[in-house]
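Both ligands and their constituent atoms are indexed starting at 1 by order of listing. Excluded from the calculations below are hydrogen atoms, water molecules and symmetry mates; all remaining heavy atoms, backbone and side chain alike, are included.
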Amino acid sequence: MSAPTIHEAAAAVADPSAYADEDRLHAALARLRASSPVARVETPGYNPFWAITRHEDIMAVERANDVFTNSPRPVLMTAQQEELQAAVQIRTLIHMDDPEHKKMRAVALNWFRPKTLKTMHSRIDDLARIYVDKLASAGGECDFVQEVAVNFPLYVIMSLLGVPEADFPRMLQLTQELVGFEDSEYARSADPDDQLSALLEMFEYFTKLAAQRRERPTDDMASTIANAVVDGEPLSDIDVVSYYALIATAGHDTTTSSISGGMRALVEHPGQRRRLTDDLDLLPAAAEEMIRWVTPVKAFMRTATADTQVGGVPIAAGDSLLLSYVSGNRDEDAFDEPFRFDVGREMNRHVAFGFGVHFCLGAPLARMEICSFYNELLPRLESVSLAGEPELSATTFVGGLKHLPIRYAMR
Ligand code: HEM
């Protein structure tokens, strides 16, 4: 494959299909990091933006959250989708800036503190065992994504939120339709109106849940959010359902992608799998490396509130910037041999969880889930190999493997 031109590389950043082809994507991002790390992207169907591809510049933008805000354009969408979404007035943490963001983040913060998570550890371990048992009983061949990796994080986050188990399949479908809106296998249809209808359906479901939890609070996260008071005022309905929608979507596909991409990496690097199986104390470092390797959240966006510069390139007030986490995590200046999968990697300062005031709220939970799962699986996994072609989702936002056919033997 010949190296892409700068123009082709910049266009790939906004092209969902590039993310389904890792070689093409990484060739494009490497080209940008080397020759145009702050690149203007003007591609049909999208409002223009700057693609920020170096680790150092991503961190600098995230750190300066007074100059670079999340509103009004936190996620890359087509111009048409941006217009439609503006009409819904969705207001989650990722759409907000301080001081409002800080107050709203505090509403659910306690649920994600290590002390609270500790109380859930044994429950998460139990769930990991259930899903590893399912793998054992699947008969030595399966699609690891669809049969295992999709369900375990779904179960954890929906239980924490307080969604009744009978509704998990519906939530799975809705979260996939929403997060995977750019992939034809997940999207409801190519019509943006249909994508919007998935969002409205989720809002309708969560509006009922919020009303129930206000009337009769329980000990779940949905009750904490529904009954929260900020600045002496109860949260509005739109704030509550937006919060639920963020937790449901952010807490699920991201962890699923890390677990399934981690599995693929272990299959393709058998020496690393043996090393980790022989020394499970490496699990925290290995989980971090899986998250860097996969980078399930490809990018978030910021908007400049004043004339400024990034990496020496002038940025005008009102310009949008796309922080390419997937590029930052393969930056040769930030990582020793970034294209090497190393379960014992030290100084792994990856940006897969972002950085600064919006740093992923669920990071400690995601880490715990990944460690619990592999702690249960690896001692029982005798052998594993690919049984077909892995398939990645086409997305510029959140995603990873859709299918990972494996053949395996378990103890
Ligand atoms: C924010 C990644 C798992 C909840 C974010 C951000 C990233 C991210 C990149 C934006 C950070 C920024 O703008 O600087 C990931 C990855 C995960 C993961 C890679 C799994 C490996 C989870 C889980 C939850 C969660 C399990 C649980 C609910 C959130 C929330 C935010 C967020 C609520 C918004 C925080 C804010 O704006 O203040 N995540 N996430 N995430 N994540 Fe995660």
Side-chain angles (χ1 to χ4, degrees), residues 52 58-65 68-71 73-76 91-113 116-117 120 124 149 152-163 171 175 179 220-222 224-225 242-262 286-303 321-326 328-329 350-373 397-400:
I52 314 297
I58 293 170
M59 301 273 278
V61 170
E62 295 240 35
R63 227 178 250 126
N65 64 304
F68 300 105
T69 55
N70 276 41
S71 82
R73 195 184 178 192
V75 174
L76 183 66
R91 277 168 39 84
T92 74
L93 292 179
I94 64 164
H95 298 79
M96 293 176 191
D97 296 289
D98 285 346
E100 187 189 24
H101 165 258
K102 194 171 177 188
K103 292 177 200 165
M104 289 295 280
R105 189 171 158 111
V107 166
L109 195 59
N110 256 339
W111 281 91
F112 297 99
R113 289 193 199 281
T116 320
L117 289 177
M120 291 181 240
I124 291 176
F152 168 55
L154 177 82
Y155 206 106
V156 172
I157 198 64
M158 293 302 163
S159 312
L160 210 62
L161 190 56
V163 171
M171 280 293 125
T175 55
V179 178
D220 59 22
M221 198 190 297
T224 304
I225 297 169
S242 299
Y243 221 127
Y244 290 176
L246 175 66
I247 299 287
T249 49
H252 167 219
D253 280 2
T254 48
T255 315
T256 294
S257 294
S258 303
I259 290 176
S260 46
E288 228 52 58
E289 180 69 341
M290 289 174 185
I291 296 166
R292 179 189 78 88
W293 193 248
V294 174
T295 309
V297 178
K298 309 304 168 196
F300 261 109
M301 297 190 76
R302 299 290 187 266
T303 298
L321 297 84
L322 178 140
L323 308 179
S324 176
Y325 300 132
V326 67
N329 282 343
H350 68 74
V351 283
F353 288 126
F355 184 72
V357 295
H358 286 275
F359 181 82
C360 175
L361 194 59
L365 175 63
R367 288 170 171 144
M368 187 181 274
E369 287 180 55
I370 298 166
C371 287
S372 281
F373 184 78
F397 184 32
V398 176

query = Going from CD on E369 to OG1 on T254, what distance comes out if it is rounded to the nearest 0.5 angstrom?
reply = 8.0 Å
request  = Heavy-atom contacts with G354 under 4.0 Å: which atoms of ligand 1 show up? List them by number with element.
outcome  = 9 (C), 11 (C), 12 (C), 14 (O)
query = How about H358 and H101: are their ring centroids closer than 6.0 Å?
reply = yes
query = For ligand 1, which part of L93 has a heavy atom less than 4.0 Å away: the side chain, the backbone, both, or neither?
reply = both
query = For atom 33 (C) of ligand 1, which protein heavy atom lies nearest, and how many Å away is it?
reply = L246 CD2, 3.6 Å
query = Against heavy atoms of I157, which atoms of ligand 1 measure under 4.0 Å?
reply = 27 (C), 28 (C)
query = Should you measure from each heavy atom of H101, which atoms of ligand 1 turn up under 4.0 Å away?
reply = 36 (C), 37 (O), 38 (O)
query = Any N or O of S258 that comes nearer than 3.5 Å to an N or O of ligand 1?
reply = no
key: Which segment of F353 sits under 4.0 Å of ligand 1 when only heavy atoms are counted   = both
query = Heavy-atom contact under 4.0 Å between G356 and ligand 1?
reply = no
ask   = atom 6 (C) of ligand 1: which protein heavy atom is closest, and how many Å away?
value = F300 CE1, 3.6 Å
remark   = A student checking ligand 1 against P296 at a 4.0 Å heavy-atom cut-off should list atoms 19 (C)
message = Looking only at protein heavy atoms, which one is nearest to atom 34 (C) of ligand 1, and what is the separation?
response = I94 CG2, 3.8 Å
remark   = Nearest heavy atom to atom 20 (C) of ligand 1, choosing from L361, T254, V357, T295, belongs to T254
task = Using a strict cut-off of 4.0 Å, indicate which atoms of ligand 1 neighbour a heavy atom of E62.
result = 12 (C), 13 (O), 14 (O)
request  = Any chance you could measure F373, atom CZ, to S260, atom OG, to the nearest 0.5 Å?
outcome  = 9.5 Å
task = Report the residue from R292, E289, E288 that forms a side chain to side chain donor-acceptor pair (under 3.5 Å) with H350.
result = E288
request  = Please write down residue, atom name and distance for the protein heavy atom closest to atom 22 (C) of ligand 1.
outcome  = A250 O, 3.4 Å
note = Paired with F300, the ring pair (Phe, Tyr, Trp, His ring centres under 6.0 Å) test is passed by just one of F355, F359, F397, namely F397
message = Test your reading of the structure: does A352 have an N or O sitting under 3.5 Å from an N or O of ligand 1?
response = no
ask   = Which distance, rounded to the nearest 0.5 Å, do you find between the CG of L109 and the NZ of K102?
value = 11.0 Å
key: Candidate list I124, T116, I247, L365, test side-chain contact (heavy atoms from CB on, under 4.5 Å), partner L160, passing option   = L365
ask   = Does the side chain of H95 come under 3.5 Å of the side chain of S71 through a donor N or O and an acceptor N or O?
value = no
key: R105/E100 salt bridge by N-O under 4.0 Å criterion   = no
ask   = Which residue owns the protein heavy atom closest to atom 23 (C) of ligand 1, what's the atom, and how far is it?
value = G251 CA, 3.4 Å
ask   = Judging by distance only, is a nitrogen or oxygen of H358 under 3.5 angstrom from one on ligand 1?
value = yes
ask   = Which atoms of ligand 1 sit under 4.0 Å from any heavy atom of F355?
value = 14 (O)
Protein contact to atom 41 (N) of ligand 1 [nearest heavy atom, distance to 0.1 Å] = C360 SG, 3.0 Å
task = Would you mind listing which atoms of ligand 1 come within a distance below 4.0 Å of any non-hydrogen atom of Y325?
result = 9 (C), 12 (C), 13 (O), 14 (O)
message = Geometry only, no angles: is E369 polar-contacting ligand 1 at N/O separations under 3.5 Å?
response = no
ask   = Does any N or O in the side chain of Y325 come within less than 3.5 Å of the main-chain N or O of F353, such that one atom is a donor and the other an acceptor?
value = no
request  = Output the list of atoms in ligand 1 that are nearer than 4.0 Å to some heavy atom of R105, sorted by atom number.
outcome  = 35 (C), 36 (C), 38 (O)
ask   = When rounded to the nearest 0.5 angstrom, what distance separates NE2 in H252 from OH in Y155?
value = 13.5 Å
message = Please report whether ligand 1 has a polar contact with R302, defined as an N or O pair separated by less than 3.5 Å (distance criterion only).
response = yes
